[in-house]
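Notes follow once the structure below has been shown.
Hydrogens, waters and symmetry mates are skipped; everything else that's a heavy atom, side chains included, is used. Here is how names work: the chains are called A, B, and so on, in the same order as the sequence lines, proteins then strands, and each is numbered from 1.
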Protein chains: 2
Amino acid sequence: MFIKIDFQSETPIYLQLRNQIIEGIAKGHFKPNDSLPSVRQLASDIGINLHTINKAYNLLKSENYIAIDRRKGATVLPLMDEPDMAFVDDLKKTLNTLIASSICKGISKDDFLTICSKIYDNFREEM
Amino acid sequence: MFIKIDFQSETPIYLQLRNQIIEGIAKGHFKPNDSLPSVRQLASDIGINLHTINKAYNLLKSENYIAIDRRKGATVLPLMDEPDMAFVDDLKKTLNTLIASSICKGISKDDFLTICSKIYDNFREEM
DNA sequence: ATATCTGTTATATATATTATATAACAGATA
DNA sequence: TATCTGTTATATAATATATATAACAGATAT
């Protein structure tokens, strides 16, 4: 597992975990049906409490990134081929704020789209 | 003032305020040197505590969106024409997570760029 | 069978964040 | 002088974050 927690960050640990696991799935480091480490294993690896891992896993489950089975543990769900509306609505709201701040900070539309394009390519090239 | 607070939202009030003010600046509803309502006035309008407004204003000040003067109150700063590095770094990190989740949810690069492009145009057409 | 591995649940504690309520102060201004 | 700024201080309450221990139920490998 390539999880790096920044304990100085203002982003809560369980959210850093969630984000890095999502990035791992998008990068293909975690394939569909792959098992994630058990909550105890990962907690011990990172040196944090198992409930913090559990909170991240349950959040990922509620967002449909992983499934949790009492026997097998947490497993990665297949990527979607059709986006669901609720996600797109959330995405648009987040992007609205992000783009507003970018406009204030002098980032042109082209600059912004170029940044996004490069990030997208970073994910794709490793799959 | 066109501030709408969702008291059911999990996003803290002071952050909803911050975001909507940034969106107001980006849309040109607030022009450079415009005064924002006083903390007491806005608190009374929305029906929340003045310290919550103060927290939002001071956050906006620390992020260089507004200036706060003891006499004139809070005023909108001019938009930047050159982005600063710290902001771009933050933006890239946020976009990295957002794009990772979008990939998992089946949103293609073209879909994503089109959404961003439209949001950018929404801001521009009102200026 | 027994030991060991899952997630899950419960309880308790500590700290930080968010939001409110009151009050007072200093400076500018009408 | 009264009134408007932001600012500071104190107190309180609710919620969120993180940890610590312990125990339970189900699956599994030896």
Side-chain angles (χ1 to χ4, degrees), chain A residues 1 3-22 25 30 32-77 97, chain B residues 1 3-22 25 30 32-77 97:
Chain A
M1 280 291 285
I3 299 285
K4 289 270 169 279
I5 297 301
D6 175 4
F7 292 97
Q8 311 311 316
S9 168
E10 59 202 6
T11 304
I13 296 174
Y14 81 98
L15 276 186
Q16 293 186 48
L17 269 170
R18 182 204 87 122
N19 293 343
Q20 290 187 38
I21 290 170
I22 290 174
I25 297 175
F30 300 125
N33 296 317
D34 274 0
S35 285
L36 296 182
S38 77
V39 289
R40 280 170 240 260
Q41 181 65 53
L42 187 50
S44 142
D45 282 0
I46 304 181
I48 61 178
N49 193 275
L50 105 178
H51 289 109
T52 308
I53 310 286
N54 208 247
K55 187 168 184 177
Y57 278 13
N58 276 295
L59 177 56
L60 287 163
K61 176 190 172 189
S62 78
E63 296 175 317
N64 284 311
Y65 291 103
I66 66 174
I68 302 183
D69 187 298
R70 200 152 204 160
R71 299 161 297 187
K72 295 176 292 180
T75 54
V76 176
L77 288 176
T97 303
Chain B
M1 281 291 286
I3 299 283
K4 290 268 168 282
I5 298 300
D6 175 4
F7 292 97
Q8 312 311 316
S9 168
E10 59 201 7
T11 305
I13 297 174
Y14 82 98
L15 275 185
Q16 293 185 49
L17 269 169
R18 182 203 88 123
N19 293 343
Q20 289 186 38
I21 290 170
I22 290 175
I25 298 174
F30 300 125
N33 296 317
D34 274 1
S35 284
L36 296 182
S38 77
V39 289
R40 280 171 240 262
Q41 180 64 53
L42 188 50
S44 143
D45 281 1
I46 304 181
I48 61 177
N49 193 274
L50 105 178
H51 290 108
T52 307
I53 309 287
N54 208 248
K55 188 168 183 176
Y57 278 14
N58 276 294
L59 178 57
L60 287 163
K61 176 190 173 190
S62 78
E63 295 176 318
N64 285 311
Y65 291 103
I66 66 174
I68 302 182
D69 188 297
R70 199 151 204 158
R71 301 160 298 189
K72 295 176 291 179
T75 55
V76 176
L77 288 175
T97 303

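The structure places CZ of A/Arg40 at 9.0 Å from CG of A/Asn54, a figure rounded to the nearest 0.5 Å. The CD1 atom of A/Ile46 lies 9.5 Å from the OG atom of A/Ser44; values are rounded to the nearest 0.5 Å. Summarising the geometry, atom OH belonging to B/Tyr65 is positioned 16.0 Å from atom OG1 belonging to B/Thr75; distances are rounded to the nearest 0.5 Å.
For the pair A/Leu17 CG and D/dA18 C1', the interatomic distance rounds to 12 Å; values are reported in whole Å. Summarising the geometry, the separation between CG on A/Leu42 and P on C/dC5 is reported as 16 Å, rounded to the nearest angstrom. One can place CD1 of B/Ile46 at 15 Å from C1' of C/dT20, the figure rounded to the nearest angstrom. Between B/Phe7 atom CZ and C/dT18 atom P there is a gap of 16 Å when expressed in whole angstrom units. Atom CD in A/Gln41 sits about 16 Å away from atom P in C/dT4, given to the nearest Å. Atom CG of B/Leu59 and atom P of D/dT7 are 14 Å apart (whole Å). With rounding to whole Å, A/Asn58 atom CG is found 9 Å from C/dG7 atom C1'. Taking atom CD of A/Glu10 as the reference point, atom P of C/dT17 lies 9 Å away to the nearest angstrom.
Only one option out of B/Ile13, B/Ile5, B/Asp6 pairs with B/Ser9 in a side-chain contact (heavy atoms from CB on, under 4.5 Å); it is B/Asp6.
Inter-residue side-chain proximity for B/Leu17 and B/Leu42 is flagged as met; some heavy-atom pair is nearer than 4.5 Å. In this structure the side chain of A/Asp34 never reaches within 4.5 angstrom of the side chain of A/Ile25, judged on heavy atoms. Taking the side chain as every heavy atom from C-beta outward, A/Tyr57 and A/Ser38 never approach each other to under 4.5 Å. Side-chain contact between B/Leu15 and B/Arg18: present, with at least one pair of heavy atoms (C-beta onward) separated by less than 4.5 Å.
Closest to the B/Lys55 side chain, of the nucleotides D/dT17, C/dT18, D/dT5, is C/dT18. Closest to the side chain of A/Asn54, out of C/dT8, C/dT20, D/dA18, is C/dT8. When distances are taken from the side chain of B/Ile13 to each of C/dT20, D/dG6, C/dG7, the shortest belongs to C/dT20.
For the pair A/Thr11 and B/Asp69, nearest-nucleotide mapping onto DNA chain D gives the more 5' position to B/Asp69. Comparing A/Gly47 and B/Lys61 along DNA chain D, the residue whose closest nucleotide (by nearest heavy atom) sits nearer the 5' end is B/Lys61.
Look at A/Tyr14 and you won't find any side-chain N or O under 4.0 angstrom from OP1 or OP2 of D/dA18. The phosphate of D/dT5 has OP1 or OP2 within less than 4.0 Å of a side-chain N or O from B/Ser38. In terms of phosphate contacts, B/Thr52 brings no side-chain nitrogen or oxygen within less than 4.0 Å of OP1 or OP2 of C/dT18.
Summarising the local packing, CG of A/Asp69 is surrounded by more than 12 heavy atoms from other residues, nucleotides or ligands at distances under 6.0 Å.
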Expected string for nucleotides 20-30 of chain D under the B/S/- scheme (protein heavy atoms, under 4.0 Å, primed atoms plus P, OP1, OP2 as sugar-phosphate) is BB-B---S---

Dot-bracket pairing map - DNA chain C, Watson-Crick plus G-U, both contacts under 3.5 Å, | cross-strand: ||||||||||||||||||||||||||||||

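Nearest heavy-atom pair, B/Ile3 versus B/Gln20, reported as atom, atom and distance to 0.1 Å: CA-OE1, 3.4 Å.
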